[in-house]
Amino acid sequence: INPTLAKMKTKGISFDSLNSLEALSCFVVEYVSYLMTAPHTKLLQIGTNFTATCVIQNTTEVTVDDLYWSLGLTPVPTELYTRINSTALNVTIPITRETPDWLFCSVKKSSPDVILNRSKYKHGILLQKGYLPVKPVNLSCMAVQKGAIISPVMVCEWESKQPQGEISVFVVVKTNPPSNVQVISEKTFTKSLLVNWTQPLAKVHLELTYEIRYCSDGCHQWDYVKIDKNIHSFRLQDLTPYTVYITQVRCKNVHPGYGYWSEWSNNATKRTPEDRPTSKPDLWLSIDEDESNNERQVKLLVKEPKYSNGRIIRYDMKIQDLKEKDKSGADQWEKITVSEPEANSSSGHFTLLKQIHVADNTHLQVRVKAVNSVGKSPEATLVIPKKSHVLPPVRDLKVYPDWDKLMVMWNSTDPLEYEYVVEVSDGQQMDWQKEGQSVRKTAVRGYLEEFVRYNVSVYPIYRHGWIGKPARVEAYLRQGVPLDGPSVTSSKPGCFNAYLEWTDIPEHRRRGFITYYTIFYSDGNERHFVRVPGNITSYTLKSLSRNTRYDVWITASTINGSVDGFNHSFHTLKYAPGEIEGIVVGVSLGFLFVVILTMLLCICKKDVIKENFWPQIPNPGESTIGNWSPDYPLKAETPNENCLSGISVLDVDVCDGKSVFEEDKASLPLKKDKYLSEEHSSGIGGSSCMSSPRQSVSDSDEGGDVADTTASTVQYSSVVASNGYKGQTPGSQSQQAVFSRSESTQPLLESEENPDTLASDGSRHCQRFPRQTNFTASEGNADFNQLEMEEQNGLRSLEFCPLVEDSEHMMPADGQSETWASAPASSYMPQLGGYRPQ
């Protein structure tokens, strides 16, 4: 229980309501509140809003977040609160009904100190409400004239429910604006307008002063004229002829400090009279080159003079070649009537005067005058120089945007430059403006659009109208992101590269300068990109993988953003162009080289190859046959047609009792003179009559070398009778035997290897001498010497063939019959020493 309230109750003080109790607690002397509300007003007007402030003081127990407002017992919505700081909270409530209300600021926190001192955490404002006094009606004021002026003290009277009374008022007069404002144009005064008006108050009541303002139609800058006299008309001078002007008038008390300016009167509009043009027409031209005909197509353009002072009805134009003299004077002026403008530029109208063709080697002068209803303007002149005569351009041309303007700067190159022409074109429309000789910086006049590229050219104009070479720069008032991206039109993939071409973004959709293109390409696993300048539309991608599909797209970028183009795909080649042909040519050349090398090796090494692939077989036809006899040399019998060549035959007497044909007797001497056998050894050859090869018997003294030399050589010999026939009995004439020997590698025929088979054939029987495998020295040297002599003298080349008398048997001599009968059957004589190849 609040101790203050308890104390008041004990003293007999009672309260009818909680509101009365709380209101009374705010005024107890002993009461000290932690909250303070303000302001405490006496009366609040119904229908207005009231703002109260609650401030926390002398405590840190609560903050502004713990406060809330209530109107009586009804909490005020928090939407009406405004937090000032950590200790102050505002509330704004509407004042509606006339009944007084208490506006309380309380604490909602439930801490022990707040509960025990609830009254100290609550403060309120009593809101007294009502209406303002009733507006007076039938109010009238009267100023008493004092001398030449009206007295500033006036007496005013009005009617109301309140008691009537008189008050003293300091009067500041504000009159109505002048009425009936008129502007009069006089034809004789082409540069002036007369303005008339009516005063709002009679001069006897109030003396007024006036002010006039005027401007040309479309201009927002006013010109002011102050009139100190109390008059009702004024003449405006130094105006521009044939120009519409808007005029307004206002007034106030003539005494300073005793009146306010009245409102401006209604507009009064009038055009000044027409006058002769006072400035030159704005003459310009447009040149298109025609290289095929060595001429230029020139369009002559003109704008009205800046001070046309009237409506231009025609232009007088004169075109003259500077090489010709003007003989006819004014008769050469061409009159061009103006109807409606043929083109509309952003800064005004211009007219196409004429279109002409000018040769490249011609100086042409153009002179134009503008004519209105009053007179002619000064003359404008331009000289079109021949193409080879080029006057220098301006230097350091720069164009840059400045807010909503396009600024142009340049430097002069020649003091003879008279003026400058700034030409601006967007590709469809063209406009120009002229600047004075001293101008080096200007803003492009007229309306310019954003995101549109403009070609800005500056032409120096020299004295007498000679046109210099232009300097050109492209510029944007503002740049943006391109509307479209570039599209790849064609791709030429190779094995490790790909050539790409793409379309340039149309100028009207570019919206800025393309600073660079970014080419993105991906093979599905990795993405790469290449950045290229913005002035190219083709590029070759390198370091690609062969036989791979790539996706490529191109991004165009300006200073304000980028836009992606359409996706394009290509597939690199498996083989580069010419690679297959190179492989084929290389393989062919390699094969040809191998073939040629092989042929050369075959030619150079043909003998080696012949020996390896075709072993050398001795030709029996080329073997050597030696003929000899043990006792005397004999002539070899002439062979028949069928005999074989290459056989050496030795004829020996068959009846020789010393048996010179026995191999045992000749073995030792033949060993000593074995060179005889070597000298007559055959080369490669053989005969169908020969037998199979047999190993030569070598002497024990020859060693292993001789055996190696003759191992592959078949040496054989045969002895036949030169005069012995089958069935014949040898006579007293001694019989001779032929000893035949052949040294050949030719294998022996089967008939030669088995001579006994010849007897069964019944064709013929050849006498064969016994074959001895060894010779001894005991069998007599005399026979060997005789044999050696006969062999050396009687050896000659014979055909190895069967004898003509092959059908008869060769019979041995009587003294040799036993020896032959006991000798082994062999028809060959052993070769002891081998043979030397021929």
Side-chain angles (χ1 to χ4, degrees), residues 177-200 203 208-251 254 262 264-283 302-318 330 333 335-341 347-351 353 367-381 434 436:
S179 58
N180 300 325
V181 178
Q182 296 180 352
V183 180
I184 301 172
S185 175
E186 300 171 313
K187 189 174 182 179
T188 56
F189 299 98
T190 60
K191 296 183 178 181
S192 68
L193 291 174
L194 182 61
V195 183
N196 296 329
W197 66 88
T198 300
Q199 296 179 355
K203 185 177 180 180
L208 301 175
T209 183
Y210 298 92
E211 187 176 35
I212 301 174
R213 69 178 184 178
Y214 65 94
C215 69
S216 60
D217 190 12
C219 181
H220 302 286
Q221 185 175 359
W222 295 90
D223 292 327
Y224 293 85
V225 178
K226 191 173 182 179
I227 304 172
D228 294 334
K229 298 179 180 180
N230 190 9
I231 57 177
H232 55 81
S233 67
F234 185 81
R235 181 176 293 276
L236 300 176
Q237 299 182 7
D238 297 329
L239 303 179
T240 301
Y242 203 70
T243 303
V244 177
Y245 285 93
I246 299 174
T247 305
Q248 294 178 343
V249 183
R250 67 179 179 175
C251 63
V254 72
S262 68
W264 288 101
S265 66
N266 296 329
N267 291 341
T269 304
K270 197 68 177 179
R271 184 188 293 274
T272 55
E274 196 171 8
D275 195 5
R276 182 181 67 85
T278 56
S279 62
K280 299 183 295 183
D282 193 354
L283 177 63
V302 68
K303 290 181 183 179
E304 293 184 355
K306 183 178 181 181
Y307 302 106
S308 60
N309 298 337
R311 179 179 174 271
I312 302 299
I313 58 177
R314 80 169 190 269
Y315 290 98
D316 293 344
M317 182 177 65
K318 184 177 182 180
W333 288 89
K335 294 179 174 57
I336 301 174
T337 303
V338 177
S339 54
E340 293 294 332
S347 61
H349 301 290
F350 63 82
T351 303
L353 294 178
R367 299 158 67 186
V368 176
K369 295 178 182 180
V371 181
N372 62 8
S373 61
V374 178
K376 297 180 180 181
S377 70
E379 183 180 286
T381 304
K434 291 187 176 180

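Everything quoted here is computed from the prediction, not taken from an experiment.
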With a 4.5 Å limit on heavy-atom distance, are the side chains of Leu193 and Thr272 in contact? yes

Side-chain contact, heavy-atom cut-off 4.5 Å: Trp264 with Glu211? yes

Quick check on Lys434: does its NZ atom have over 12 non-hydrogen neighbours (other residues, nucleotides or ligands) under 6.0 Å away? yes

Name the atoms and distances for all side-chain donor-acceptor pairs under 3.5 Å in residues 213-232, with sequence neighbours left out.
{"unit_1": "Arg213", "atom_1": "NE", "unit_2": "Gln248", "atom_2": "OE1", "d": "2.7"}
{"unit_1": "Arg213", "atom_1": "NH2", "unit_2": "Gln248", "atom_2": "OE1", "d": "2.7"}
{"unit_1": "Asn230", "atom_1": "OD1", "unit_2": "Gln199", "atom_2": "NE2", "d": "2.8"}

Taking all heavy atoms of Glu379 and all of Trp333, pick out the closest pair and write down the distance. OE1-CH2, 3.3 Å

Which pair of non-hydrogen atoms, one from Ile212 and one from Phe234, has the smallest distance, and what is that distance? CD1-CB, 3.7 Å

Taking side chain as C-beta onward, heavy atoms only, is Leu353 less than 4.5 Å from Val368? yes

What is the minimum heavy-atom distance between Pro200 and Pro177, and which atoms define it? CB-O, 4.1 Å

Exercise: identify the closest heavy-atom pair between Gln237 and Ser192: CA-CB, 4.1 Å

Are more than 12 heavy atoms, taken from residues, nucleotides or ligands other than Asn267, located less than 6.0 Å from that residue's CG atom? yes

Check Tyr245 against Thr240 and note the closest heavy-atom contact, atom names and distance. OH-N, 2.8 Å

Donor-acceptor check, side chain of Ser279 to backbone of Pro305, threshold 3.5 angstrom: yes or no? no

To the nearest 0.5 Å, what is the distance between NZ (Lys270) and CD (Glu186)? 11.0 Å

Show which side-chain atoms of residues 369-376 pair as donor or acceptor with protein atoms under 3.5 Å away, not counting sequence neighbours.
{"unit_1": "Asn372", "atom_1": "OD1", "unit_2": "Val374", "atom_2": "N", "d": "3.0"}
{"unit_1": "Asn372", "atom_1": "OD1", "unit_2": "Gly375", "atom_2": "N", "d": "2.8"}
{"unit_1": "Asn372", "atom_1": "ND2", "unit_2": "Asp275", "atom_2": "O", "d": "2.7"}
{"unit_1": "Asn372", "atom_1": "ND2", "unit_2": "Ser308", "atom_2": "O", "d": "3.2"}
{"unit_1": "Ser373", "atom_1": "OG", "unit_2": "Glu274", "atom_2": "OE1", "d": "2.6"}
{"unit_1": "Ser373", "atom_1": "OG", "unit_2": "Glu274", "atom_2": "OE2", "d": "3.1"}
{"unit_1": "Lys376", "atom_1": "NZ", "unit_2": "Asp316", "atom_2": "OD2", "d": "3.3"}

What's the separation between atom CD1 in Ile312 and atom CD in Glu304, rounded to the nearest 0.5 Å? 5.5 Å

Verdict with reasoning, Asn309 to Thr190, per side chain to side chain contact (heavy atoms under 4.5 Å, CB included): CA-CA 9 Å; Asn309 298 337; Thr190 60; over 6 Å; no

Quick check: closest heavy atoms across Val195 and Trp197, and the distance to 0.1 Å? O-CZ3, 3.7 Å

Who passes side-chain hydrogen bond (donor to acceptor under 3.5 Å, both in side chains) against Gln182, sequence neighbours left out? none

Measure from the side-chain N and O atoms of Tyr307 to the backbone N and O of Pro241, and report whether any donor-acceptor pair falls under 3.5 Å. no

